[in-house]
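In what follows, chains are A, B, ... by sequence order, proteins preceding strands, each numbered from 1.
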There are 2 protein chains.
Amino acid sequence: MDETPVTLADLADGNLRRDILSGAFKPGEKLSIALLTNRYAIGASPLREALSRLSAEHLVVLEGKRGFTVAPVSVAELDDISACRRLIETEAVSQAVAAGDEAWESRMVAAFHKLDRAEERIQQDTGSLDEWEQRNREFHEAVVSACGSPWLIRLQKLLYAQHERYRRVSLTFREPDRDLRGEHRAIMQACLDRDAAAAARLSAEHIDRTVLAVHAVLAAGNVPPRRTRSSTRTASLPNRR
Amino acid sequence: MDETPVTLADLADGNLRRDILSGAFKPGEKLSIALLTNRYAIGASPLREALSRLSAEHLVVLEGKRGFTVAPVSVAELDDISACRRLIETEAVSQAVAAGDEAWESRMVAAFHKLDRAEERIQQDTGSLDEWEQRNREFHEAVVSACGSPWLIRLQKLLYAQHERYRRVSLTFREPDRDLRGEHRAIMQACLDRDAAAAARLSAEHIDRTVLAVHAVLAAGNVPPRRTRSSTRTASLPNRR
DNA sequence: AAAAACTTTTTTATCGATAAAAATTCGGGT
DNA sequence: ACCCGAATTTTTATCGATAAAAAAGTTTTT
């Protein structure tokens, strides 16, 4: 019934989003239209449109007559985003627990299962990180999906994306001493038990643990260069052609 | 020295934002590129870019190959937005009270004064509503400005804009039995007294009162006759196909 | 007269070209 | 050698044109 007309700008949006979140484009990096056009084989107009959307989501920044750049990262902003995500997501989880029906439960269980399998494969070094990231996102979206508030969901997605970027910028490896599977399972279980307080608390702790891990990596010297006026040397490798 | 290069897309953004928030463009109304180009005397490309940004903020919606429309309104979404704004703004106010310095206090006092004067003029029927709206926005932004969290501020702006649109769509007249000046003064006073709990509570109540008022208007029949701006189609009905 | 199929009109999405602005290079003067 | 400023290159922002899709209108068929 409902067609899905996909436009070139949508494609560009998807590509850019993926490459920014995955860290293929580094924070602060210049996003030159000319380069992007032959990287994606998409014209300048759709690209500009996609970049405009992303700039409203603060994944890229658009400066006056100076073009687009990937939004910079900083420890301070990591803390800021994390605090906001905690605020939004604990509220959303609580409401979801209160309002969720059976369909929600099964969505959650299904998403958890797929994520759990990906975790498994990662631990055996036979899985892709991209896949894990996608399923992790889907799990967290499933959990809050029953909160009944489109805006909470929208904000959750927004902040999750920002958070994911930080995670992937710094976490190319896995932390060995962390039981992610257990954390996810616990969140789901609290939801199934309809224990809103526990679900919210576990979610908050889950976020906090991630923040600590990323924090450690960021603080340990490997801080990407902060954007300053015109000092944006392309220290990264767009690696095209 | 930071220059401020203003681009045509920025101009279009500003114009569109103003006209959507003020209700000159009605919810659900089609935003045809051709019409907009000679309304603002701005080319199609900058317009498209501005509309893309606004669609990321959910002030306009972009459907597949069907063009842009002003985002629709509904009572359900009003409640949703209001709840989110309450969540964000109470948190931001609390943090601002905890972290605000003297400069913050004076920003707030100054903004309150300007708003209060506008209130005064409105009550005497010698003031413009646009001016009042701007100063109201500036006051609320001043209150949260010291919260120390750029993302909380960003979210506050986002939700405030949505809320403003609802207010202006339905509130062409003033509610006589409401002491807005007193409410604003009370919020500011609680902030100056460094009473975070009271400031948060008063802000929440402030939002809730607004919601009730808008709710009443929205529920009692549809959108009241706004200023004549080539009202093309039915504005408030969720029209499909 | 209603439905279906075709045609015309309108409008969107996109491209290619271009003017303007910023970054870069280059060259003389101190 | 170094700094300042003019000329050059690069890149951005924008326009005008165009192909394609949707909407509106028209005709034909039942």
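Residue L47(B) contributes atom CG, which lies 15 Å from atom P of dT11(C) at whole-angstrom precision. Here dT14(D) presents its C1' atom at 16 Å from CG of L51(B), a figure rounded to the nearest Å. L31(B) has its CG atom 14 Å from the C1' atom of dT11(C), to the nearest Å. Residue L35(A) contributes atom CG, which lies 10 Å from atom C1' of dT11(D) at whole-angstrom precision. Protein atom NZ of K30(B) is 8 Å distant from nucleotide atom P of dT11(C), rounded to whole Å. A straight line from CD1 of I42(B) to P of dC15(D) spans 8 Å, rounded to a whole angstrom. Separating the CG atom of L36(A) from the P atom of dT11(D) is a distance of 12 Å, rounded to the nearest angstrom. Across the protein-nucleic acid pair, R48(A) atom CZ and dT14(D) atom C1' stand 8 Å apart, rounded to whole Å.
Salt-bridge check for D10(A) with R53(A): passed, with a basic side-chain N closer than 4.0 Å to an acidic carboxylate O. Classification of R168(A) and D130(A) as a salt-bridged pair holds, one side-chain N sitting under 4.0 Å from a carboxylate O. Ion pairing between a basic and an acidic side chain is recognised when a charged N comes within 4.0 Å of a carboxylate O; R135(B) and E119(B) show no such pairing.
Among the nucleotides dT12(D), dA22(C), dT14(C), the one closest to the side chain of A9(A) is dT14(C). Of all nucleotides listed (dC15(C), dT12(C), dC15(D)), dT12(C) comes nearest to the side chain of I33(B). Relative to the side chain of L8(B), the nucleotides dT14(D), dA22(C), dA13(D) differ in distance, and dT14(D) lies closest.
Between the side chains of E89(B) and Y160(B), not a single donor N or O lies within less than 3.5 Å of an accepting N or O.
Across the interface with DNA chain C, nearest-nucleotide mapping of A41(A) and K65(A) shows A41(A) to be the residue nearer the 5′ end.
Considering only side-chain N and O atoms, T7(A) lies under 4.0 angstrom from the phosphate OP1 or OP2 of dT14(C).
Around CZ of R18(B), the count of heavy atoms belonging to other residues, nucleotides or ligands within 6.0 Å exceeds 12.
As judged by a 4.0 angstrom heavy-atom cut-off over every strand, S45(A) is placed among the base-contacting residues.
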